Amino acid sequence: MADANPVEVQPGTTLLLACLEDTDRAALEEALGREFRLLFAKSACEALGTMRAQAPAAVLFNALSPDADALLGQQHRDEGRQNPLVFALAPRNDEDIQVTALEQGADGVILLPASPRLVRAHLENALRSRDAAAARSQETSDQLRFLNDASRYLLAGADPDDSIGLALDKTREYFEGDRAYVFEIDDERELASNTYECCAPGVAAEQQNLQDLPCSTYRRMLDILKAGESICLDGVEAILESGLDENRIFTSQGIESLILVPLRSGGHLVGFMGVDNPARNASHASHLAALGDYMTAILQRRDNEEQILRDNRILRDLMNDMPGGFVQQLVTPEGRTVPHFINEEFCRMSGMSHRECTDFYSADGFTGVHPDDEEMARQALEKLITTRETITVRLRLIRGDGSYVPMQVFYRVTDDRDGNLLLSGYYTDLTEELAAKERAIAERDELTGLPNRTRLARMRTSVYQGLSSCGVLFFDVNHLKAVNDTQGHGRGDALLKLVSDSTDERVHGYRYGGDEFLVVACDSDEAELAKLVERWEEHLGKLAETHDVVATAAVGSRWSKAPFTLNNLIKRADEAMYAEKRRVREHVDGQGGLTAGKGTSS
């Protein structure tokens, strides 16, 4: 687990001796030849050629040589390759020569006379220093590359799971560990699980065995991580002495050393990241810790994206299950609307399958709008883009059989997170509503506002079949034509509206014919019919007083408990009314009055 040993000078390191006097060359050859592989060059030109061809580790040259300037001037010009160390051999008593050599690019000066042994020591120290610096530079480059690659995976990856896997693989590779992994903590259940793991070739995975582990198992370790501190244990002895493996979880997996760093969010521990058995860079736990914030961020991003997907699925389910049609369309820069979501209810209302709807509206969302309504719809869209309000329009949309269905549409324009305009439309089928309105118009008397015989026929076969008892009043306004002729139609109309002013939810009035009215009292008793007659008699009196109308009417009544037939009750009430009408035809109260034919129960 320890870092690599300091760099040593390797036997056979190549040295180039250039432009030396024969005596100096012979002495150096004798002193260095056993430990270095020596090359020789008589001139600067020959030395430069040898340097390019052989790439020696160091060059020793005679600073007094006429070729010294040329050698120093050229040797640093070869780019893209490692240049050798260059040492000038200069007289001890000639400071100018020494300074000139250094100014021209020599890496050092060895002062003569010097023993070959001293020259060898100079070379060994210089080469050791250079190689150590190169190793440190390479180590720094490796660190930066590791942090850069792992950070890029975590910050820029499209899929969080893939990004975490790539980052862990890069982490395991950098530390040369057996495994790199992430544990996440479930605070609510107080459990920790290995959610991501990357293993070296030939190393068994442990992820499946490390699910839902009680946090109490890792309590001492988690306390350290909660404090924001990392854990670095080098060797089995260190693991045992730490007291963190009291349950033998680490050593039982063959872990002899490990690095653990906390994953924290808002000062709260949400998990930890680790490497088992790191073979190198074990002292660089800080580099692993530097990735902690990035790893935490992508775990949160994963959770957020999963929540968004869940919310979107729920939203789509809701939109599919809503009682009305729903269509969401992308508004193109050219003003077209292209649906990208159509719920099932819209398809049902359109009489088409989902695929048919999608294909039919794929080019333009206004394709199915009735030609007479299309301009209105497009104007609504233009207004929506400007105001961003909700607009309600009524238009007709085509069905699969070529007919058109009337719709009420609530339109709204919003922006998505990419800045695109979305037109959302909620559609309600107005077919039944319009039919109900038409039916209501057809079933109601225009003058009095009372339901007519058409409505009575429908109620007879529906609501009135479930009554426990029923009373019927059938009455006729006497001399309506005479009132109209002598007192004006306004007086006659006021008389006709009398019944409509006297009905409620349980007592239903109908205009049965020109001057004939029918009242149905639902779930009533027989005494209630007499009270209804008294009430209308009072209303007739007030009408005579306030409108100076001679208001008289003949009425017949019938009441029955279930079972009964409404037709029978109406017929018998009608007969009673006409009998009463004949009896009192010649005897009418001059102040207005209601004459009632007293019917009996059936």
Side-chain angles (χ1 to χ4, degrees), residues 304-442 458:
N304 291 338
E305 289 182 355
E306 289 177 354
Q307 184 62 49
I308 290 172
L309 289 175
R310 284 194 295 269
D311 291 345
N312 284 342
R313 284 194 294 269
I314 293 172
L315 180 60
R316 285 180 175 267
D317 289 343
L318 288 173
M319 290 188 297
N320 256 329
D321 295 340
M322 65 171 51
F326 181 81
V327 178
Q328 194 169 68
Q329 309 174 60
L330 175 68
V331 182
T332 69
E334 309 85 54
R336 291 188 301 108
T337 58
V338 181
H340 66 82
F341 178 82
I342 302 174
N343 77 346
E344 296 299 330
E345 180 61 16
F346 180 87
C347 299
R348 188 198 64 77
M349 291 190 298
S350 300
M352 292 184 267
S353 68
H354 193 275
R355 177 174 291 278
E356 287 172 337
C357 260
T358 302
D359 293 343
F360 183 77
Y361 286 101
S362 60
D364 190 343
F366 288 123
T367 299
V369 177
H370 192 284
D372 294 342
D373 300 336
E374 184 174 351
E375 182 61 27
M376 174 187 62
R378 293 193 183 278
Q379 288 178 358
L381 175 59
E382 292 177 3
K383 182 178 179 181
L384 278 168
I385 294 174
T386 303
T387 64
R388 302 301 174 91
E389 299 175 349
T390 299
I391 294 180
T392 303
V393 297
R394 289 195 172 191
L395 47 77
R396 290 159 289 179
L397 283 180
I398 198 167
R399 288 177 52 86
D401 59 7
S403 62
Y404 284 88
V405 56
M407 297 274 196
Q408 179 166 286
V409 191
F410 298 88
Y411 278 136
R412 184 172 179 83
V413 166
T414 55
D415 301 273
D416 66 11
R417 61 183 180 182
D418 297 322
N420 299 311
L421 291 181
L422 297 176
L423 174 65
S424 297
Y426 178 79
Y427 297 77
T428 302
D429 187 342
L430 297 178
T431 303
E432 292 186 5
E433 179 181 333
L434 294 179
K437 287 183 178 180
E438 291 176 359
R439 185 170 60 246
I441 293 173
R458 186 163 62 84

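As the structure is a computational prediction, the values presented were derived from the model and not from experiment.
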Between the main-chain N or O of [Y] and the side-chain N or O of [X], is there a donor-acceptor pair closer than 3.5 Å?
X: Arg336; Y: Ala363; answer: yes
X: Ser350; Y: Phe346; answer: yes
X: Glu433; Y: Leu430; answer: no

For a quick test of reading the model, state the closest non-hydrogen atom pair linking [X] to [Y] and the distance between them.
X: Glu389; Y: Leu384; value: O-CD2, 2.6 Å
X: Thr337; Y: Pro339; value: O-CD, 3.7 Å
X: Cys347; Y: Ile342; value: SG-CG2, 3.8 Å
X: Leu423; Y: Val413; value: CD1-CG2, 3.8 Å
X: His354; Y: Glu344; value: CD2-OE2, 3.5 Å
X: Pro406; Y: Thr431; value: CD-OG1, 3.5 Å

Using a strict cut-off of less than 4.0 Å between a Lys/Arg side-chain nitrogen and an Asp/Glu carboxylate oxygen, indicate whether [X] and [Y] qualify as a salt bridge.
X: Asp429; Y: Arg399; value: no
X: Arg388; Y: Asp415; value: yes
X: Glu345; Y: Arg348; value: yes

Q: Starting from the C-alpha separation in whole Å, work towards a yes-or-no answer on side-chain contact (heavy atoms from CB on, under 4.5 Å) for Met376 and Val369.
A: CA-CA 10 Å; Met376 174 187 62; Val369 177; over 6 Å; no
Q. Can you tell which of Asp373, Leu395, Leu381 makes a side-chain contact (heavy atoms from CB on, under 4.5 Å) with Phe366?
A. Leu381
Q: Could you go through the side chain to side chain donor-acceptor pair (under 3.5 Å) check for Ser424 and Arg412 one step at a time?
A: CA-CA 5 Å; Ser424 297; Arg412 184 172 179 83; over 6 Å; no
Q) Rounded to the nearest 0.5 Å, how far does CE of Met349 lie from OH of Tyr427? A) 9.0 Å
Q. Could you state the interatomic distance from CE (Met352) to CD1 (Ile398), rounded to the nearest 0.5 Å?
A. 7.5 Å
Q) Quick one: ring pair (Phe, Tyr, Trp, His ring centres under 6.0 Å) pairs with a partner in residues 387-425, sequence neighbours left out? A) His370-Tyr404
Q. Where do Gln379 and Lys383 land on the side-chain contact (heavy atoms from CB on, under 4.5 Å) test, with the steps shown first?
A. CA-CA 6 Å; Gln379 288 178 358; Lys383 182 178 179 181; over 6 Å; no
